[in-house]
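Start at 1 with the first residue, then count along the sequence.
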Amino acid sequence: MYRLSPWSLPWTTLRLAGRFALPLALWFTVGQALRDALFYGGYEFGLHNSVVPIIVLSLTVMLTLSVTVVMVHSVKEGLPAVREHELDESLAPWAAQDEETILGALTRALLPFMIFYLAWNWFSQDAKDFVQSVTGRGFGEQGLGGQLEAMKSIIAIEHHPYIAIVLTVGFLVAKFVAERLVEPKWARFGGVLIAFCEVNWTLFGLFTVNKARDAGTGWLQARVAWGWLADLTGPLFGWIGALWPSAKEAVLGSLVWLVIAGVILGVDAAEEAALGSGRMARRIIAASGMDRPRTPIEVLTRELRDKWLPTVYGLRMVIRAGILPFGVFCALFTGLEVGADLVQRGVYDLLGPHPVAWWETRLSVVDFAVGFVHQALRVCLMAAAFDLVVARVSARRRAREARTASSTPMTSAISPAPPS
């Protein structure tokens, strides 16, 4: 019973982190080393080519997702419900093999993970880290002039929108070619290639529409009607605008991360599985063109589906498992995000004030240590929460089947005695 209790989630997270600390530290270290190498290459070559920063950012996003996938997969042996594939097949069919390798999990989960990650704009943190690294390196090597030069190299693509348009179309075409020709023949390589094309055409596409979107927003907000609307609504929109981002990340973001953990650990998060097989699901499938791939209506509705269908998928699992476990998961997941910043600030306060030269050799150590603890606990919490969901859904299904079996009357056919 304690295994099915939501209050076991903190202890399970700590137990997984302690048991698998070595592989988690290994993969995190490898990821940070490759990340630093990408940032250095982006600084050195980005000063001379405006396309390089975007390519480096796309590779950084793929590296971030790959490290997360292998870290979650490395704790799979400590999840009994996931190992036994206890989840109800009508809720989420399993897509992973029993003895799936890390490479197999990476090639299977990278593309859906990439779609979720881009749809929710979580790559913005990778972009901020890249900008901070490049400008900091420029300042360290050449002072303020080097920092300004590095910043110019990052935003240079905005002054050449035709390059962004050409690359957007090129990567989009490459993605369709990979889906049609490469993936059917070489599934593993095709999945990684599609993910690479997906992230690049999305990032370059942001630059092609960013100016038009900003111009349209500025025009709308300059209208008199917009001011009238603001006067009529009063502070209501201001409150919603202030509270909605935090609520979205705390609840919907946690829900999507729970789905991501399930995808990495082996379940199939296809759109049809997310919607189910009811009448409403069939209507949504027909209206969105999901049953007609690559048609205009399917392409137009793809962005909305990529963002919101994972929440539907996660909500179905949460309802089956119970709201309380998900509430505990949301509190812990959000607490980790807030706690990481507080711990980092606390370490700085504990070390005390020192000259800049003293901090230059120690900032990276503090960032690495806090980042590892945060990422390890985050990965273990995601895995433990999904294992808890699987165990509770399975237990409820077995209890329902037992009640059905016990309520069925047991009758024995007794043939009547022949007349004398």
Side-chain angles (χ1 to χ4, degrees), residues 9-36 38-39 57 60-61 63-72 74-75 113 116-117 120-133 135-136 243 245-261 264 326-354 359-386:
L9 201 53
W11 166 245
T12 305
T13 301
L14 295 175
R15 180 176 57 82
L16 288 174
R19 178 181 173 183
F20 299 99
L22 186 59
L24 290 174
L26 172 64
W27 290 118
F28 183 81
T29 304
V30 170
Q32 288 299 113
L34 294 176
R35 188 184 182 92
D36 291 341
L38 284 174
F39 286 174
L57 178 58
T60 303
V61 170
L63 177 63
T64 300
L65 304 189
S66 299
V67 171
T68 304
V69 169
V70 296
M71 289 181 72
V72 173
S74 64
V75 304
F113 192 178
F116 299 160
Y117 200 77
W120 283 86
N121 294 325
W122 286 329
F123 63 89
S124 59
Q125 184 59 49
D126 296 297
K128 292 177 183 177
D129 294 340
F130 177 57
V131 171
Q132 183 178 3
S133 174
T135 54
L243 297 177
S246 300
K248 182 184 72 172
E249 290 299 325
V251 180
L252 298 181
S254 300
L255 196 62
V256 176
W257 276 110
L258 186 63
V259 175
I260 289 172
I264 297 173
F326 178 67
V328 175
F329 170 68
C330 285
L332 294 175
F333 194 82
T334 307
L336 277 179
E337 301 302 311
V338 177
D341 295 334
L342 294 178
V343 169
Q344 191 170 22
R345 174 59 62 183
V347 172
Y348 294 154
D349 293 339
L350 183 63
L351 294 176
H354 294 280
W359 280 109
E360 285 180 353
T361 58
R362 291 166 175 82
L363 273 178
S364 58
V365 177
V366 174
D367 293 343
F368 179 87
V370 175
F372 166 67
V373 174
H374 170 239
Q375 182 67 3
L377 291 177
R378 191 166 175 255
V379 161
C380 293
L381 176 61
M382 289 163 51
F386 184 74

Q: For atom CZ of Arg362, decide whether the heavy atoms of other residues, nucleotides or ligands shown that lie under 6.0 angstrom number more than 12.
A: yes
Q. If you look at every heavy atom in Pro23 and Ser74, which pair is closest and at what distance?
A. CB-CB, 4.2 Å
Q: Give the minimum heavy-atom separation between Ala384 and Thr12, together with the two atoms involved.
A: CB-CG2, 3.7 Å
[atom2] on [Y] to [atom1] on [X], rounded to 0.5 Å:
X: Trp257; Y: Tyr117; atom1: CH2; atom2: OH; result: 6.0 Å
X: Lys128; Y: Ser133; atom1: NZ; atom2: OG; result: 16.0 Å
X: Leu65; Y: Phe113; atom1: CG; atom2: CZ; result: 4.5 Å

Quick one: side chains of residues 26-33, donor-acceptor pairs under 3.5 Å with protein atoms, not counting sequence neighbours, listed by atom name and distance.
| residue | atom | partner | partner atom | Å |
| --- | --- | --- | --- | --- |
| Thr29 | OG1 | Ala25 | O | 2.7 |

Q) For Leu351, what residues pass the side-chain contact (heavy atoms from CB on, under 4.5 Å) criterion, not counting sequence neighbours? A) Val347, Trp358, Trp359, Val366
Q: For Ala261, check side-chain contact (heavy atoms from CB on, under 4.5 Å) against everything at least two apart and list the hits.
A: Met382, Phe386
(Q) Going by side chain to side chain donor-acceptor pair (under 3.5 Å), name the residues that satisfy it together with Asp367, two or more places apart in sequence or in a different chain. (A) Gln344, Tyr348
**Q.** side chain to side chain donor-acceptor pair (under 3.5 Å) partners of Asp129, counting only residues at least two apart
**A.** Arg35, Gln125
Q) Where do Val379 and Phe20 land on the side-chain contact (heavy atoms from CB on, under 4.5 Å) test, with the steps shown first? A) CA-CA 11 Å; Val379 161; Phe20 299 99; over 6 Å; no
List, one per line, each side-chain donor-acceptor pair under 3.5 Å for residues 328-342, sequence neighbours excluded.
| residue | atom | partner | partner atom | Å |
| --- | --- | --- | --- | --- |
| Thr334 | OG1 | Cys330 | O | 2.9 |
| Glu337 | OE2 | His374 | NE2 | 3.2 |
| Glu337 | OE2 | Arg378 | NE | 3.0 |

Q. With Leu24, which of Leu377, Leu16, Val70, Val75 fulfils side chain to side chain contact (heavy atoms under 4.5 Å, CB included)?
A. Val75
Q | Side-chain donor-acceptor contact under 3.5 Å, Thr60 with Asp126 | A | no
Q: For side-chain contact (heavy atoms from CB on, under 4.5 Å), just list the numbers for Thr64 and Trp122, CA-CA rounded to whole Å, side-chain angles, deciding distance to a tenth of an Å, and then say yes or no.
A: CA-CA 11 Å; Thr64 300; Trp122 286 329; over 6 Å; no
